[in-house]
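Shown next, in structure tokens, is the structure this report addresses.
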There are 2 protein chains.
Amino acid sequence: MFSKVLTVDDLGSINQGLNTILETLGVKEIHQSHYCDEALLKIKKSNMDGDPFQLVITDLSFKPDHHNQKIVSGEGLAEAIKEEFPDTKVIVYSIEDRIHPIKRLIQQMQVEGYVCKGRRGLQELSEAIKKVYEDQIFLSSEVSGVLHSNNDLEIDDFDIELLRQLSFGLSQNDISDYLKKKNMTPSSLSSIEKRISKLRVQFKANNVIHLVAISKDLGLI
Amino acid sequence: MFSKVLTVDDLGSINQGLNTILETLGVKEIHQSHYCDEALLKIKKSNMDGDPFQLVITDLSFKPDHHNQKIVSGEGLAEAIKEEFPDTKVIVYSIEDRIHPIKRLIQQMQVEGYVCKGRRGLQELSEAIKKVYEDQIFLSSEVSGVLHSNNDLEIDDFDIELLRQLSFGLSQNDISDYLKKKNMTPSSLSSIEKRISKLRVQFKANNVIHLVAISKDLGLI
DNA sequence: TATTTCCTTACGGTTTTCCACAAGGACATT
DNA sequence: AATGTCCTTGTGGAAAACCGTAAGGAAATA
């Protein structure tokens, strides 16, 4: 079993349930952080000392504070960890149950596990830790369909940016001008119409309002 | 101090931090529920037995389950409690930090306190319990501006319904027809345009897409 | 009763979105 | 070189949204 684990959340108190799980599994050293920046520092230090954390368990959402933090979310933390210390295993443990952000964590950030907080959260977290220790990926039963549902596989960064600009209230003409100014392609009004139309078909949206609402519900934007 | 308190969340394990707070404050009887329906049953029973819960502390979001529940959210639970047992104090303790849902809890549901989960969550919860015991209302510092910001005071149920229908992809014409069919007033296309225009001004939205996006961010819909 | 105010409804004109079709260019295959 | 495919861009017309103006009606006020 892992011998040195870091847990990161913004509870402001020790997370007793989580600690108990880790102790039960035989983890010797259990450390805690309440801030992402502090967590990353601890991880760096442990690596410099030659005694790195083998596993990091982090929440996703951290409330802002009077302290200004560079990293403000578990997603950012996961990204930073995987960039600098790709061998450190990461399990994300959060209330989030929307497909897209989780897919992003697994596919882009390459985290080893995702567990939904909730009724079976701690049980699943225990399973997740065991699986990850055996070099497997673990996904909560609630979101196990994430990797197979190729519903939004063909949605690229351009689409996301398009949806974001739309949700900011730009007209399709505005977006076209914006893209032309930045010399990005495609930028024609016609192309933008086409993309939006494609997205609307994919998400079965009646119009752009509906499309943006769906995108927000899915956590796409 | 309260002597009999019920806590409701879907953690699936005892919430040790919360229990400790309650014990420290001198609460004798601490009960727990993991489902809203079960919580309401316990409250009913305690009232029938002549030994009612004096305070209920509940989360807002409960993950659905294989059990089908009548009440699926803390908001519904608060509503049911206040309807049937208006003397029972209710404090909501949740991650939610959007203004509107919280305003709704305080103003519509008449709950006595709202505490944001987060860094200072448990400390604030302790303060909240003491305040509520003294017949005062308590709001987390994060959301203390809620009651004064009269930004959306003049938004009524019609507006909400309008925004919801828009987010479902109905055209303004569709909505007009829908309202006419239900003999609801106003129902004319012109009135709908007017309402939407008013909302757009209030929220400084460039178009309906923007308006719906903002409404979703605020938790209005 | 007369007046004011507010809300609903209607109408016309402009802008934007929606949609089908078509032309041009980049790239790979034959 | 010729062909086909994919992507980008353009065009035109119908539908919907946007915006100002105005008429009608209900309730409150004088």
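Convention: sequence-line order gives letters A, B, ...; per-chain numbering from 1. Values reported hereafter were calculated over all heavy atoms of this structure, with side chains retained and with hydrogens, waters and symmetry mates removed.
A salt bridge is defined here as a Lys NZ or Arg NE, NH1 or NH2 lying under 4.0 Å from an Asp or Glu carboxylate O, and A:R195 with A:D156 meets this definition. One finds a salt bridge joining B:E112 and B:K82 here, because a Lys/Arg side-chain nitrogen approaches an Asp/Glu carboxylate oxygen to under 4.0 Å.
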Base-contact (B) and sugar-phosphate-only (S) positions in nucleotides 4-18 of chain C, heavy-atom cut-off under 4.0 Å, - elsewhere = ----SBB------SB

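For B:Y35 and B:F62, the ring centers sit 6.0 Å or farther from each other.
Computed from coordinates, the A:D156 CG to D:dT8 P distance equals 9 Å when rounded to whole Å. Atom CG of B:D177 is separated from atom C1' of D:dA16 by 13 Å (rounded to the nearest Å).
Sorted by first and then second residue, the salt bridge (charged side-chain N to carboxylate O under 4.0 Å, His left out) pairs with a member in residues 207-219 of chain A read A:K216-B:D217, A:D217-B:K216; sequence neighbours excluded. Among pairs with a residue in residues 154-190 of chain A, none fulfils ring pair (Phe, Tyr, Trp, His ring centres under 6.0 Å), at least two apart in sequence or across chains.
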